[in-house]
2 protein chains.
Amino acid sequence: MRGSAEGGQVGSPQLMRRLNTQRVLDHVWNGEPVTASELIRETGLTRATVLALCRELADQGWLGVLENSRRAGAYTKGRPALRYAFRRDACHVIGVDAGQHRISASVADLGGREIGQGERAFEPGRFDPDRQSGQERRKEVLTAIDAALDDAGLTSGDVGAVVLGVPAPVDAEGRSPVGLNRFWGQSNPDLVTLGAERGWECVVENDANLAALAELDNGAAEADSSFAALLSGERFGAGLVLRGELLRQPRGGAGELGMLELVDGVESPEALGHWARHHAREALASGGTGALAEYGQDEVQAEHVFGAARDGDPLALDIVDRLADRLARICVVLAGLLDLDRIVLSGAVAPALSGLVEAARAKFAEYLYAPWLDITVSELGADAVRTGAVRCAVEQVHARALQGDHVSSLLARGVLRA
Amino acid sequence: MRGSAEGGQVGSPQLMRRLNTQRVLDHVWNGEPVTASELIRETGLTRATVLALCRELADQGWLGVLENSRRAGAYTKGRPALRYAFRRDACHVIGVDAGQHRISASVADLGGREIGQGERAFEPGRFDPDRQSGQERRKEVLTAIDAALDDAGLTSGDVGAVVLGVPAPVDAEGRSPVGLNRFWGQSNPDLVTLGAERGWECVVENDANLAALAELDNGAAEADSSFAALLSGERFGAGLVLRGELLRQPRGGAGELGMLELVDGVESPEALGHWARHHAREALASGGTGALAEYGQDEVQAEHVFGAARDGDPLALDIVDRLADRLARICVVLAGLLDLDRIVLSGAVAPALSGLVEAARAKFAEYLYAPWLDITVSELGADAVRTGAVRCAVEQVHARALQGDHVSSLLARGVLRA
DNA sequence: GGGCCTAAATATAGACGTTGAATTAAGAGA
DNA sequence: TCTCTTAATTCAACGTCTATATTTAGGCCC
């Protein structure tokens, strides 16, 4: 009965082994192929140990062994080293941006490379949450996922984890509050239970949080730095990354911006699109002229404003200036309180906003002394949330990689710390 | 040369041993005496192992062995168990609240029990930072510390760690920005270097952060919960505890409230005392009457306002109401953005503010739906910062307890994670 | 093609800490 | 004094890592 029962072994050499396995896995995870010598250098372990660990990970399917050693360029003397490569295709993940007007799903490998897409879009323009029941929405999400799987040529069984991003706060159990805001419950009709139907590990997460994860992965910010991903959809939402770690609160309310109602010159958590439209209509109603007048007071949209501003239309420029002030004030609140290094403006409209951000930077400096703060536009455009969902799903797989191993249960029991 | 060089041993059984030692130490740290059986239950280790670890910790001086086993009450059959008790007197720490008007130092044991005090106070009323040079201030701090040591009957050599709380942001190196705010540089004239003169481990920390640590230790909040300690001195400062951990940013700006200038109905980071005075003088200047009029427009102080409000004076009550609104708005910003469980109002005046907080609670509910939020007054009164400094110093000792051991260097090298 | 060189992989012995079971110890009650 | 119960101690077995010695794999040179 020695070394078998899974309750025991708390402090035994076996545990050491698992810790080292995890360490090596972490090192190679989604990295370039490595030789044992490199791992020896990085982990401080002995050659014999490292090789044993690599063999173990290879047996488990996480590592592939590349016999063709002696990488190009590296000068070569002595016996060529084996090279171990992380197997990005060990399993696949699904990331979904389940927005209000559009659900887009993608299948990706463990390196985050998309290999399949699926999409469901609803009528553009105004969205009436009451027109879509929870059941319908769940079906739409599944349809998008299935389309993505189909596109990738994979099946349910290849899926290691699913992450769904929704425009609502999400608590630790994956649920969103109902009743407070009719959009919230509608956005997340118990989507966590959706994975169970297919036997998937399923996580629901707030969209701004996922956008933040995407930026984190994108290397926009240095490790250990702090930033906010400000997602400008219908309403603003922020994903807060503090010291390299996404802040997730049990109730899911971190980064909610309802409090902007109390901020001078901001007045509401409505996002840039809303205000661009609002200011344009207001201006046209009171006799404003210029490029925007072409669209008519009731038809003018946010994109028209940003387009006209790029072309130098004075009215549009004035509106952009007012939006920049709003944005700057939001940045002051976030960066001032949390001492951020960076604020990334994200969302579908983001790519069109470089001028706005530039103006916001200047205004920010008037309100707060924080010359280190970088206000930038996300490079990810409309894909930010989905990209973040994929990254989050990969993390899920990573975290569970050695599950069934003993460490995991020890971590769960708090025997080991983090 | 086996098992000796300190570079090696990365993944060996020796490391396992150190991890387990740390685990047992964490369990007993500042807790009640325990028997080996209890540790066996809590750690999952074997009796033989636990006893070996306890013996080791006892040899190192962290644990004392209480032969008088068979604790009162516990019914007793069989051989009485040895009991091991954490030695709170293994060494002592110094916590200092280096405020603008008052420097108070205390010597405490590792249980946080104060056993010596020292204090330096400057003229009450207006404080002119230019009147005190950095050198003078350093001397004052040392004087307070020496007085506390003297009071405790201890000497320099008994000191395991020193923590100094200052009313200024403090960066990772213990320094405060100079130039931006004349009070900041003045409050922290390179106090980190002060420990070196006496051979002490010395840490400088922001006062609100220390107040937050004090609340954390005080058990006011459950482990893993999130709260802000709102320190109301000359200006507001907040210590942010997120998921049970104090947020410390490299530049030290977390919890700085300069951004309150942009919050509607708050307008500045000046704290309650300032505004109480301000409103009272304003009211008296425009002919206000009542209890406050006795003091005269130029003499009336914040305490007068709070006192009069307790006695039901209408003018004072009106002022308190306005302060409560301000406080409520600040709470909305903090709790709304970070999804806090609790906000603790701290500082010397806090004990007098229970009425104000009650009013603030009601107003808060008008601004934000967050019925779970607890707005309370600290029980620690004027001692919060010093208490937090002591706690922080104890943590320093705890973190370094097994230093010289191999784990520490491994943690430093990133071989182990947190 | 055979020797030489280098660096990687493998094999083997040694050390250490943990487990788990057997043994001894310390009190309380009959 | 004997028995009962629970703790502490002892010891062999085991697993993992380290450290050293040995083998292997490929260039390079003659």
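All values below come from the heavy atoms of this structure, side chains included, with hydrogens, waters and symmetry mates left out. What you are looking at is a predicted structure, and each value in this text was computed from that prediction instead of being measured. Chain A is the first sequence line, chain B the second, and so forth, proteins listed ahead of strands; every chain is numbered from 1.
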OP1 or OP2 of [N] sitting under 4.0 Å from any side-chain N/O of [X]?
| X | N | answer |
| --- | --- | --- |
| A:Asn20 | D:dC17 | yes |
| B:Ser37 | D:dT6 | no |
| A:Thr35 | C:dA8 | no |

Tell me the interatomic distance from [X], atom [atom1], to [N], atom [atom2], rounded to whole angstroms.
| X | N | atom1 | atom2 | answer |
| --- | --- | --- | --- | --- |
| A:Met16 | C:dA15 | CE | C1' | 16 Å |
| B:Arg47 | C:dT18 | CZ | C1' | 16 Å |
| B:Arg23 | C:dG17 | CZ | C1' | 14 Å |
| A:Arg17 | D:dC17 | CZ | P | 5 Å |
| B:Leu53 | C:dC16 | CG | P | 17 Å |

* Asked: Going by modelled atom types, is there a donor-acceptor pair between the base of D:dT5 and the side chain of B:Arg79 at under 3.5 Å?
  ->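 Absent.
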* More than 12 heavy atoms of other groups within 6.0 Å of B:Glu395 CD ->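 Yes, enclosed.
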* Can you name the residues that form a salt bridge (Lys or Arg N to Asp or Glu O under 4.0 Å) with B:Arg198, not counting sequence neighbours? ->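 If we apply the salt bridge (Lys or Arg N to Asp or Glu O under 4.0 Å) test to B:Arg198, skipping adjacent residues, the hits are B:Asp146.
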* Residues in ring-ring contact (aromatic ring centres under 6.0 Å, His included) with B:Trp29, at least two apart? ->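 For B:Trp29, the residues satisfying ring-ring contact (aromatic ring centres under 6.0 Å, His included) (neighbours in sequence not counted) are B:Trp62, B:Phe86, B:His398.
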* Could you check whether B:Ala36 gets within reach of a base, just the sugar-phosphate, or nothing at all, counting any heavy atom under 4.0 Å? =>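 It contacts sugar-phosphate atoms only.
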